[in-house]
Amino acid sequence: MNWGLAMTEHSKNQNAAGDVDLDLFFAAGREAAPLPDPALMAAVLSDAHRVQADIAVARAPQAISHAGGEAQRGLWAQFRVAIGGWPALAGLASVATAGLWLGAVQPVGLGQAASLYLADAGLYFAGADGYLVDVMPSFEFDLGES
Amino acid sequence: MPYDAQNDAMADVPDEALLTLFANGDEAAARALTVRLLPRVLAQAVRMLGERAEADDVAQEALLRLWKIAPEWRRGEAQVSTWLYRVTANLCTDRLRKRARSAPLEAAPEPTDESASAAQQMQSRSRAEALSAALAELPERQREAVVLRHIEGLGNPQIAQMMDISAEAVESLTARGKRALTAILSGRRDELGFSDD
């Protein structure tokens with residue numbers, strides 16, 4: 001098959017030694033580099049945009065996890081609102097502090113107050129087979145009858 | 001035209017930076033990378049496969065793989081162009097192997113009627129077609145090395161990195177490839193219209 005070279009061009013494919021001049025062919029190969037047609041360009045760009053969308057979706061869970069942190073903080077806020085807001089929270093803190101104080105400080109006279117209360121209520125009287133036990137002797141809750 | 005203007009604006013942006021922008025959803029980076037890389041990939045595929053339709057498929061697939069790896073791309077580990085050449089070469093090799101299995105007697109694409117009409121085309125076109133046919137007859141490693149060295153104009157160190165061989169091995173492959181090309185093209189003197197002197 002003749003590739004369409006005119007006879008006058010034959011020698012131009014050869015070097016001085018009569019061998020094939022590859023550099024000519026390489027140069028022709030570079031010149032004849034194919035260009036992507038618009039359809040291929042559009043297909044590649046379409047792939048690119050689809051993958052970009054997939055990447056955005058794949059990265060979305062990270063954003064959701066950040067939003068989860070907000071939701072956790074939101075639970076605390078919801079609790080605060082549920083008990084009545086900051087004033088109620090302050091009251092709760094005061095009660096807790098008072099409880100802590102009562103627990104930490106020795107309640108002097110508590111035993112006497114208890115016996116008076118029990119006597120007034122008729123739950124404690126002389127001769128009764130009742131017996132109060134003081135589990136904390138240091139508090140002087142030492143009433144006892146046999 | 002805004003399209004060209006955007007690409008001009010990104011002309012100096014390195015491939016890796018564009019890939020990072022791409023992964024962050026920048027559509028202009030997608031266009032810039034496509035315009036920059038697709039012609040190179042397509043040219044490599046056409047030269048390795050000698051067939052345009054298959055080369056189009058390979059080029060699209062190679063770039064699709066680049067898009068997909070973009071979010072995990074580790075900067076500084078490899079050049080985008082090197083990675084892409086290797087992926088394209090592997091895809092072409094797969095195609096050539098399948099082609100060889102399905103049609104072992106048609107390993108080398110013959111000039112078609114289309115090339116017969118090349119009689120009216122430019123001389124360089126005829127040479128390019130002859131070169132393409134001759135390249136298709138080379139062993140794949142020789143063909144790859146010759147194309148990268150003498151068509152793409154890459155240096156031996158970069159080719160060595162792309163082909164995962166030493167620079168000396170690249171030199172050896174290209175030297176043997178060139179000798180084989182010379183022999184093939186010389187053996188087609190009649191086809192090429194050489195005088196028989």
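Quick caveat, the model's predicted, so the values are computed rather than measured. Numbered from 1 within each chain, the chains take letters A, B, ... in sequence-line order.
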| message | Looking only at side-chain N and O atoms, does B:Asp15 offer a donor or acceptor that is under 3.5 Å from a partner on B:Gln79? | response | no
- Query: Would B:Val80 end up clustered with B:Leu42 when hydrophobic side chains under 4.5 Å apart are linked, directly or stepwise?
  - Reply: yes
Under 4.5 Å to a heavy atom of chain B? For A:Asp23 that would be neither
The interface call for B:Asn24 against chain A, heavy-atom contacts under 4.5 Å, is both
Requested in this report: Just do the salt bridge (Lys or Arg N to Asp or Glu O under 4.0 Å) check on B:Glu152 and A:Arg30 with the steps written out, would you?
Outcome: CA-CA 8 Å; B:Glu152 299 296 337; A:Arg30 285 191 291 273; over 6 Å; no
Between the CG atom in A:Leu45 and the CZ atom in A:Arg50, the distance rounded to the nearest 0.5 Å is 12.5 Å
Among B:Val146, B:Asp26, B:Val147, B:Leu135, the residue with the most heavy-atom pairs under 4.5 Å to chain A is B:Asp26
Interatomic distance, CG@B:Leu91 vs CZ@B:Arg95, rounded to 0.5 Å, equals 7.5 Å
dist B:Met163:CE -> B:Leu154:CG (nearest 0.5 Å) comes out at 11.5 Å
Under 4.5 Å to a heavy atom of chain A? For B:Val41 that would be neither
Scored by heavy-atom pairs under 4.5 Å with chain A, the best of B:Val46, B:Leu38, B:Leu66, B:Leu63 is B:Leu38
Bottom line for B:Ile151: the part with an atom under 4.5 Å from chain A's heavy atoms is both
Bottom line for B:Arg52: the part with an atom under 4.5 Å from chain A's heavy atoms is side chain
